[in-house]
Amino acid sequence: CDVITKSIPQNETTVRFDGFRGGNLPTHLFAGIIEKEAREGSKTTSSTNFAAHKVEMFNITVNGVSVNGYPIKVENGSPVYPLAKFNDTSDKLSNISCAGGFTLAEFTHNFLWSHHFQAEQSSTGWINIDIDFKAPLTDSKTLVIWCISPYTILLDKFCQIERIAR
């Protein structure tokens with residue numbers, strides 16, 4: 001799992017993070033926005049309180065082409081589409097082995113954008129994220145991105161990399 005953090009500029013309504021990860025595509029990507037103070041450590045904010053922060057549109061692209069299911073437009077601040085995409089990405093839709101999930105109320109504090117890379121034109125490329133906000137941000141926020149790749153590193157008896165398996 002690669003964890004990437006990006007500062008979101010203030011006083012902007014459109015933000016683009018170009019080519020923050022290149023090469024082989026991960027299998028899954030999750031992204032959330034938190035307060036800058038929460039990332040740095042604070043007694044008053046939570047580092048896992050991901051909120052919508054008045055996002056109107058969120059887009060994930062590979063080599064400039066939107067991935068399947070994106071861009072997602074948020075209508076009237078409703079988390080329905082991002083929650084449905086999260087449930088699909090985490091394989092919770094129609095999965096009888098999966099216990100529960102987030103309610104709409106719970107998801108407003110766990111607001112994560114997500115994607116399962118499975119139908120892209122290429123297995124390699126540069127990943128970009130575009131965000132449109134309803135109004136310019138007046139305080140500091142951070143975008144936290146998790147890229148999940150199912151690789152296993154096998155070490156030999158001398159602690160040298162023997163093989164990288166997928």
A.B. asks: Using 30° and 60° as the class limits, which term best fits the ring planes of His28 and His116: parallel, tilted or perpendicular?
C.D. replies: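 The rings of His28 and His116 lie parallel, inter-plane angle below 30°.
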A.B. asks: Identify all side-chain donor-acceptor contacts of residues 131-138 below 3.5 Å with residues at least two apart in sequence or on another chain.
C.D. replies:
from: Asp132; atom 1: OD1; to: Thr14; atom 2: OG1; distance (Å): 3.1

A.B. asks: What pairs with Asp139 under side chain to side chain donor-acceptor pair (under 3.5 Å), at least two apart in sequence or on another chain?
C.D. replies: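 Scan of Asp139 (side chain to side chain donor-acceptor pair (under 3.5 Å), adjacent residues dropped) gives Lys141.
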A.B. asks: Rounded at 0.5 Å granularity, tell me how far CZ in Phe117 sits from OG1 in Thr89.
C.D. replies: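 Here the interatomic distance stands at 9.5 Å.
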A.B. asks: Going by side chain to side chain donor-acceptor pair (under 3.5 Å), name the residues that satisfy it together with Ser7, two or more places apart in sequence or in a different chain.
C.D. replies: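 Scan of Ser7 (side chain to side chain donor-acceptor pair (under 3.5 Å), adjacent residues dropped) gives none.
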A.B. asks: Is a side-chain donor or acceptor of Asn24 paired with a backbone partner of Thr124 at a separation under 3.5 angstrom?
C.D. replies: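 Not confirmed, Asn24 side chain does not pair with Thr124 backbone.
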A.B. asks: Return a table of donor-acceptor pairs under 3.5 angstrom between the side chains of residues 67-83 and protein atoms on other chains or two or more places apart.
C.D. replies:
from: Tyr70; atom 1: OH; to: Ser114; atom 2: N; distance (Å): 3.2
from: Tyr70; atom 1: OH; to: Ser114; atom 2: O; distance (Å): 2.6
from: Ser78; atom 1: OG; to: Val80; atom 2: N; distance (Å): 3.4

A.B. asks: At what distance, to the nearest 0.5 angstrom, does CD1 of Ile34 lie from OG1 of Thr5?
C.D. replies: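 Ile34 atom CD1 to Thr5 atom OG1 measures 8.5 Å (nearest 0.5 Å).
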A.B. asks: If you define the side chain from C-beta out and look only at heavy atoms, does anything of Phe17 sit under 4.5 Å from Ile145?
C.D. replies: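 Side-chain contact under 4.5 Å: no.
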A.B. asks: In terms of hydrophobic clusters joined by side-chain contacts under 4.5 Å, are Ile148 and Trp126 together?
C.D. replies: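 They do not share one cluster, since no chain of ILVMFWY contacts under 4.5 Å joins Ile148 to Trp126.
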A.B. asks: To the nearest 0.5 angstrom, please state how far the CD atom of Gln118 sits from the OG atom of Ser123.
C.D. replies: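 One finds 14.0 Å between CD of Gln118 and OG of Ser123.
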A.B. asks: I'd like to check the salt bridge (charged side-chain N to carboxylate O under 4.0 Å, His left out) partners of Asp18; sequence neighbours left out, ordered by chain and number.
C.D. replies: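 Here the qualifying residues are Arg16.
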A.B. asks: Compare every heavy atom of Ile8 with every heavy atom of Thr142, then report the nearest pair and how far apart it is.
C.D. replies: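 Closest approach of Thr142 to Ile8, heavy atoms only: C-CD1, 4.1 Å.
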A.B. asks: Not counting sequence neighbours, which residues clear side chain to side chain donor-acceptor pair (under 3.5 Å) with Glu120? List them please.
C.D. replies: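 Glu120: side chain to side chain donor-acceptor pair (under 3.5 Å) contacts with His115.
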A.B. asks: Do you know the tightest heavy-atom contact between Gly32 and Trp146?
C.D. replies: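 Heavy atoms of Gly32 and Trp146 come nearest at N-CZ3, 4.1 Å.
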A.B. asks: Testing the basics here: between Arg21 and Ser149, what is the closest heavy-atom pair and its distance to 0.1 Å?
C.D. replies: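 Result for this residue pair: NH2-OG, 3.5 Å.
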A.B. asks: Which residue, Leu143, Asn110, Thr108, Val144, forms the side-chain contact (heavy atoms from CB on, under 4.5 Å) with Phe50?
C.D. replies: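 Exactly one option meets the side-chain contact (heavy atoms from CB on, under 4.5 Å) with Phe50, and it is Val144.
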A.B. asks: With rounding to the nearest 0.5 angstrom, report the CD1 to CD1 distance, Ile127 to Ile60.
C.D. replies: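 The CD1 atom of Ile127 sits 8.0 Å away from the CD1 atom of Ile60.
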A.B. asks: Pair Phe86, Phe30 - check side-chain contact (heavy atoms from CB on, under 4.5 Å), show working.
C.D. replies: CA-CA 9 Å; Phe86 177 81; Phe30 298 92; 3.8 Å; yes
A.B. asks: Linking I/L/V/M/F/W/Y whenever their side-chain heavy atoms sit closer than 4.5 Å, directly or via other members, would Val55 and Met57 fall into one cluster?
C.D. replies: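 Hydrophobic grouping puts Val55 apart from Met57.
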A.B. asks: Taking all non-hydrogen atoms of both residues into account, name the closest pair between Leu29 and Cys147 and its distance.
C.D. replies: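 Of all heavy-atom pairs spanning Leu29 and Cys147, the closest is CD1-SG, 4.0 Å.
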A.B. asks: Please name the pair of heavy atoms, one in Ala31 and one in Phe58, separated by the smallest distance, quoted to 0.1 Å.
C.D. replies: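 In this case the closest contact between Ala31 and Phe58 is CB-CZ, 4.0 Å.
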A.B. asks: For residues Gly125 and Val62, report the shortest heavy-atom separation together with the two atoms involved.
C.D. replies: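 Closest approach of Gly125 to Val62: CA-CG1, 4.2 Å.
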